[in-house]
Each structure stands twice: as C-alpha cells, then as structure tokens.
Number of protein chains: 2
Amino acid sequence: MNETVQEGTFPSPGHHDETACARISQMLARISDKWSLLIIRTLGPGPMRFNALKRGIGDISQKMLASTLRDLEENGFVSRTVTPVTPPQVEYALTDLGRDFLVPVQGLAEWTMANSARIEAARAIYRLRVAAE
Amino acid sequence: MNETVQEGTFPSPGHHDETACARISQMLARISDKWSLLIIRTLGPGPMRFNALKRGIGDISQKMLASTLRDLEENGFVSRTVTPVTPPQVEYALTDLGRDFLVPVQGLAEWTMANSARIEAARAIYRLRVAAE
DNA sequence: GTAGCATGGTTACGAATCGTTACTGAGGAA
DNA sequence: TTCCTCAGTAACGATTCGTAACCATGCTAC
C-alpha cells in the first residue's frame, strides 16, 4: 500500500523511540486487514489451491482473494507455485514466516471466538443506550 | 459495518461447521483494521484524551480517530467519559473487554516488531523477482 | 476588543479502495 | 454443442478513507 518507508535513526537505545512506533503502525497497517488474517488462518492446516481457498473463506470475491494473495506473497507470508498443466494448478502455502505469523493470528482468532458473546452483549447495550439517547 | 448476517445450514454435524467460521470472519472483520488495533495498543498504558490519542498515534485524521473510537465504543472495547468543563474534556479508556483484547493485540504487535526485518527482506526479494520478470 | 489557540468533534468533497459482474482460454463431461 | 472448472483480469459502481474547513466555547496576547 504505502511504499514510502523511511528508515529512522535510533536516538537512544532503551528509550522507546518514535520510529519503532511508526514501524509498528506501518507493519500493522500492512497486515491487519480482514482478508489477510482470514487467508493466513485458512492456509494454516496446509497448502490450498485458489478456488479451494475461495470456497474455504466463503464470501470473498475473486478480486480480493487474488490481490490479497499477491500482497501476502509480496510480504513473504505465502508462496505461490504454479504447475503448468491444464487446467492450470496454482498452489498457495504458508512460508516459514507465514507459519510463524500464524501463532499470533491464531491467538487473535481464538480470542475472538471465545469473546464474541461479550462483544455481542456490548453491542446490544450500546444500541439500547443510543436508542434512549 | 455489514449487518446482514445469514445463518447457514448445518449439512453434517461433527464436521467443523460453517457458522463458526462465518462468525470468526465477521468478528475479525469488525476488529482487524489498522486504526482499531493501533488505538487499542495506544490506550494500553492508560486512559487518554482525544487529542493526546491523536498525537500519540501520529498520522491519523480526526475523522478516522472519531469514527474508529465510536466503533470501538460500540463493540465494548473502550469507554468514553465526558467531563463538561470548558474546554470539553473527553477521556477514552480500555474496558475490561478491551484490556483482555490487548493481550492478543500486543502479541500481534510484538510479533510484528520482532519480524519486521524478515518482512522487509521478503519484500526486497519479491521486488527483485518482479523486476527480473 | 479582537486575533489567535485549544478542546472535541462534524461536515463536505475528492481520492482511493472494495466488491460485483462479466470475460478470458484451454480442457473435460453431459 | 453447451456447460463446467481452473486461475485469474478488466470494467464499473458503491463504499470507505483522508484532507480540509468549520462549529461553539473559553483562554491569552496584543
């Protein structure tokens, strides 16, 4: 997305500096979108082909799947191997980096599953509060 | 965002079902955007006021901060307390739910920090590969 | 007294992104 | 022949994002 990456200086080690924060925000921005996390999670158990991945995720469009996969490949999370047969066969798999990344992603997903009821409850309360004005 | 949630059918029980996956994807979609994670992370150490938060994050616009904070409040992650003085004083803080959520979010952020070099390396390789065509 | 600044937003508008639909082109099944 | 699958791409409208301006209020400087 944002291609302008300026490498900062490290003014004082130990002190939690500005550039680290900027880097986190930049990296998080690259990673933390709906489809990336969902794709990485779906690829967790093993390699998958394009349409299998699409079916596995469910409501993703071909365009979003293709472009997000390209981003993930660019960032080194997934590998793309083409077998030139007919019909064409393209397999996507997590790289070592992707498998490492799966750990915090699964953490997030598991937390989400475990706490969806709490979120729903909070939303219900919020709706009541807004309705009461 | 997307309020139309259609509950699917259960074709075969025991088989890891569709609705759980749909729910995860829905919840992840609500949570996993750049600004939400960044705001939650920034609120980690303690409550903050609107402009302090804005300065803390850096390159967020008032509009995005305001609307993301409203979403986070709606989902029960942050609380908003207004002190009616002049100038108006609005304090945002993580709720219990938000503090719980901070754990996987910090996991993600720490992973990101620890592995940003690997991502950068992967990106460099990708650029070379693309340049070579 | 009035020009500027801060606070916490909202609104308008252009830009970027997202999602839906249609299409590719080769092969296999009906 | 017609339809389907494979892995996408192109066009286009809808949605969202970000920038800039504005709001009311009170404080300070001039």
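Just so it is clear, the values below take in all heavy atoms, side chains as well, and ignore hydrogens, waters and symmetry mates. Chain identifiers are assigned alphabetically (A, B, ...) following the order of the sequence lines, protein sequences preceding nucleic acid strands; residue numbering begins at 1 within each chain.
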Is the shortest side-chain N/O distance from [X] to OP1 or OP2 of [N] below 4.0 Å?
{"X": "B/R49", "N": "C/dG8", "result": "yes"}
{"X": "B/R55", "N": "C/dT7", "result": "yes"}
{"X": "B/R70", "N": "C/dG8", "result": "no"}
{"X": "A/W35", "N": "C/dG19", "result": "yes"}

Self-check item: Side chain of B/Y92 - closest among D/dC6, C/dG9, C/dG8
Solution: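 The listed nucleotide nearest to B/Y92's side chain is C/dG9.
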Exercise. Show your working on side chain to side chain contact (heavy atoms under 4.5 Å, CB included) between A/Y126 and B/R70 and close with a plain yes or no.
Key: CA-CA 10 Å; A/Y126 184 87; B/R70 231 178 298 123; 3.9 Å; yes
Rounded to whole angstroms, how far apart are [atom1] on [X] and [atom2] on [N]?
{"X": "B/K54", "N": "D/dA20", "atom1": "NZ", "atom2": "C1'", "answer": "12 Å"}
{"X": "A/K34", "N": "C/dT17", "atom1": "NZ", "atom2": "C1'", "answer": "13 Å"}
{"X": "A/L53", "N": "D/dA7", "atom1": "CG", "atom2": "P", "answer": "10 Å"}
{"X": "B/N51", "N": "C/dG9", "atom1": "CG", "atom2": "P", "answer": "9 Å"}
{"X": "A/M48", "N": "D/dG8", "atom1": "CE", "atom2": "P", "answer": "15 Å"}
{"X": "A/R80", "N": "D/dC6", "atom1": "CZ", "atom2": "C1'", "answer": "12 Å"}
{"X": "B/E73", "N": "C/dG8", "atom1": "CD", "atom2": "P", "answer": "15 Å"}
{"X": "A/M64", "N": "C/dT21", "atom1": "CE", "atom2": "P", "answer": "15 Å"}

Quiz item: Between B/A52 and B/K63, who's closer to the 5' end of DNA chain C by nearest nucleotide?
Solution: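 Here B/A52 is the residue nearer the 5' end.
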Quiz item: Between B/Q62 and A/I60, which is nearer to the 5' end of DNA chain C once each is assigned its nearest nucleotide?
Solution: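 With A/I60 and B/Q62 compared, the 5'-side residue is B/Q62.
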Quiz item: Which distance, rounded to the nearest 0.5 Å, do you find between the CG of B/L102 and the CD1 of B/I40?
Solution: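 With rounding to 0.5 Å, CG (B/L102) is 7.5 Å from CD1 (B/I40).
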Quiz item: How many angstroms lie between OG in A/S36 and CZ in A/R41, if you round to the nearest 0.5 Å?
Solution: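 It is 14.5 Å, given to the nearest 0.5 Å.
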Quiz item: Would B/V82 and B/F50 show up in the same hydrophobic cluster when neighbours are defined by side-chain heavy atoms closer than 4.5 Å?
Solution: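 Hydrophobic grouping puts B/V82 with B/F50.
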Exercise. Run the salt-bridge test on A/R118 and B/D100 with the 4.0 Å N-O cut-off and return the result as yes or no.
Key: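 So A/R118 pairs with B/D100 through a salt bridge.
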